[in-house]
Amino acid sequence: MFVSECLNVNEKGHLTIGGCDTVELAKEYGTPLYVIDEDTVRNTCRSYVNSMKKYYNGNGLPLYASKALSCKALVQLAMSENMGLDVVSGGELYTAMQAGFPAEKIQFHGNNKTDEELEMALEYNIGRVVVDNLYELERLNSLAEERNRTVKIAMRIKPGIDAHTHDFIRTGQIDSKFGFALETGEAMEAVKKTFEFKNVELTELHCHIGSQIFDIDPFVSAAEVMMDFISDIKKQTGHLISELNLGGGFGIMYTSADNPTAYDNYMNAVSKAVTAKAEEHNIPVPFIYIEPGRSLVGEAGITLYTVGGRKEIPNVRTYVSVDGGMTDNIRYALYGSAYTVVNACKADKEPDDKVTVAGKCCESGDLVQKDTMVAKAETGDILAVLSTGAYNYSMASNYNRNPRPAMVMVKDGKSRLIIKRETYQDIVMNDLDL
Ligand SMILES: *Cc1c(COP(=O)(O)O)cnc(C)c1O
């Protein structure tokens, strides 16, 4: 009935998540409120970890792309499920270290890491720094040299697979700020360069072809291109790259129009392609990393709002205003993202009321969803927006000096706070008097 299995309707007609009545959660913790279902995240982690056993004899590690939702509790959950972690900033790395995550299972991404961030990576002695460009490679090598040590690196490659078009295409050179281009020879030059540097050790190649992808084919093509490249490197330099990171990007359900591929199908097809290429090139199957972000937390999360005013503009549209908006979910304003909205107080009723759910910020573009169907939304009702676990809290802002919402984790009908609601004191914390 709903996009996620953790959601249901109770005898009161209220929406439930993880066995908790969402209307009660709104009462207890206030709104806006992020809610995340622990079992959904854990089960997804397990399916990724198990797939590495099933398809790669255990020679692989899924890394949680923590930019989707970075906070101590989620990092600790990933850790308890034996995942690795991918971070893209000093802040995410700091969060991971504060959460007690094992440094050797962390990989650090980003196209413009600062010296301070590179130094943090060295200080914490994390697993791999994913090098994006030559400028970074040179800086990292000299920072490591200053410390009289070596650092293991991955190299980010643009495989030339554009997964964002409906029928994905292979282009000579994709327009992207990330990584080294393959087809121009830039990537091979960069790989050779790393072998000249004494303080970096290239063990891994990385690619990430996009996000919210439903097709299997672009993932298979990217894996094949990367395996060909590993073989080319071996032929040209004699070096065997032993690890391959195939990135994230697996699509999830935001509305019933989305039809994601079962993850296992993807894993099956990609592992076959990798194994076939290894045989073709007579090289060993590399250790495999994948980096799911959205697919790990997206469908596990919902956001609860309280309906304020209702504005019916005849022959135009009906606006229903809620107590959050672009500050806690910027994805509609940013990409026009589709979401399912449910009247949590009337989850058993027909969604026959066409409304535009508006936020409370001073921006006319501050909408959560335009012209969406819900059961009659009246003042005081609780609206639930589904599949908000990924890229909502992590993109939240304090625009209009709105405090960021709290987040609770639910399991077996019980809830607990994992992120406190910001206060007005938090808002002025760093302000200094004139
Ligand atoms: C964003 C990102 C991911 C995660 O992408 P999802 O679509 O959330 O799975 C993985 N790897 C890299 C390098 C990324 O930038």
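Excluded from the calculations below are hydrogen atoms, water molecules and symmetry mates; all remaining heavy atoms, backbone and side chain alike, are included.
A donor-acceptor pair under 3.5 Å is absent between the side-chain atoms of Glu279 and the main chain of Ala276, judged by distance alone. No donor-acceptor distance shorter than 3.5 angstrom exists from the side chain of Arg294 to the backbone of Ala65, with no hydrogens or angles considered. A distance-only check finds no donor-acceptor pair linking the side chain of Ser70 to the backbone of Glu92 [under 3.5 Å]. Side-chain N or O atoms of Asn133 include one that pairs as donor or acceptor with a backbone N or O of Glu136 at under 3.5 Å. Asp37 places no side-chain N or O within donor-acceptor distance of the main-chain N or O of Ile17, the cut-off being under 3.5 Å. Panel note: side chain Ser415, backbone Val410; no donor-acceptor pair is recorded below 3.5 Å. Under the 3.5 Å distance criterion, the side-chain polar atoms of Lys158 are left unmatched by any main-chain donor or acceptor of Cys207. Asn329 places a side-chain N or O within 3.5 Å of a backbone atom of Arg331 that can act as its donor or acceptor partner. No donor-acceptor pair closer than 3.5 Å links the side chain of Asn402 to the backbone N or O of Gly324.
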TODO: Might you work through the ring pair (Phe, Tyr, Trp, His ring centres under 6.0 Å) test for Phe219 and Phe250, ending with a clear yes or no?
DONE: CA-CA 9 Å; Phe219 288 113; Phe250 320 122; 5.2 Å; yes
Task: Full working for salt bridge (charged side-chain N to carboxylate O under 4.0 Å, His left out) between Asp39 and Lys411 - done: CA-CA 7 Å; Asp39 285 342; Lys411 181 183 165 66; 2.8 Å; yes
- [ ] Please report the C-alpha distance between Asp371 and Arg317 in whole Å, then the side-chain angles of each, then the deciding distance to 0.1 Å, and finally whether the salt bridge (charged side-chain N to carboxylate O under 4.0 Å, His left out) criterion is met.
- [x] CA-CA 8 Å; Asp371 296 333; Arg317 74 183 85 252; 2.8 Å; yes
Task: Derivation of the salt bridge (charged side-chain N to carboxylate O under 4.0 Å, His left out) call for Lys376 and Asp352 - done: CA-CA 7 Å; Lys376 179 90 190 214; Asp352 53 6; over 6 Å; no
- [ ] Please report the C-alpha distance between Lys346 and Asp381 in whole Å, then the side-chain angles of each, then the deciding distance to 0.1 Å, and finally whether the salt bridge (charged side-chain N to carboxylate O under 4.0 Å, His left out) criterion is met.
- [x] CA-CA 9 Å; Lys346 303 164 191 166; Asp381 281 353; 2.9 Å; yes
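By the 30° and 60° cut-offs, the orientation of the rings of His206 relative to His208 is parallel.
Side chains of Thr306 and Thr31: a donor on one and an acceptor on the other come within 3.5 Å. No hydrogens or angles considered: a donor-acceptor pair under 3.5 Å links the side chains of Thr423 and Asp426. Between Lys54 and Asn50, the side chains place no donor N or O within less than 3.5 Å of an acceptor N or O (distance only, hydrogens not considered). When only modelled atom types and interatomic distance are considered, Tyr48 and Ser295 share a side-chain donor-acceptor pair under 3.5 Å.
Between Thr16 atom OG1 and Glu11 atom CD the span is 9.5 Å, to the nearest 0.5 Å. Atom CD1 of Ile106 is separated from atom OH of Tyr64 by 13.5 Å, given to the nearest 0.5 angstrom. Atom NE2 of His281 is separated from atom CD1 of Ile230 by 9.0 Å, given to the nearest 0.5 angstrom. The distance from the CG atom of Asn112 to the NZ atom of Lys177 is 8.5 Å, given to the nearest 0.5 Å. Here the CG-CD distance, from Asn245 to Glu204, works out to 4.5 Å after rounding to the nearest 0.5 Å. Atom CE of Met253 sits about 7.0 Å away from atom CG of Asn259, to the nearest 0.5 Å.
A side chain to side chain contact (heavy atoms under 4.5 Å, CB included) with Met407 is found for exactly one of Leu33, Leu417, Leu69, Asn392, namely Leu69.
Both the sub-6.0 Å distance and the 45° axial angle are satisfied by Arg139 relative to the ring of Tyr135.
Remark: Glu243 engages Arg128 in a salt bridge, criterion side-chain N to carboxylate O under 4.0 Å. Classification of Glu422 and Arg404 as a salt-bridged pair holds, one side-chain N sitting under 4.0 Å from a carboxylate O. One finds a salt bridge joining Arg310 and Glu312 here, because a Lys/Arg side-chain nitrogen approaches an Asp/Glu carboxylate oxygen to under 4.0 Å.
Other residues, nucleotides and ligands contribute over 12 non-hydrogen atoms within 6.0 Å of the CD atom of Gln98. Enclosure of atom CG in Asn315 is not indicated, since only 12 or fewer non-hydrogen atoms of other residues, nucleotides or ligands lie within 6.0 angstrom. For Tyr94, the OH atom is loosely surrounded, since the number of other residues' heavy atoms within 6.0 Å does not exceed 12.
The six-membered or imidazole ring of Tyr339 lies away from that of Tyr332, with a centre-to-centre distance of 6.0 Å or more.
No side-chain heavy atom of Ser394 sits under 4.5 Å from any side-chain heavy atom of Lys67. In this structure, His109 and Val87 have side chains that are not in contact, with every pair of non-hydrogen atoms separated by 4.5 Å or more.
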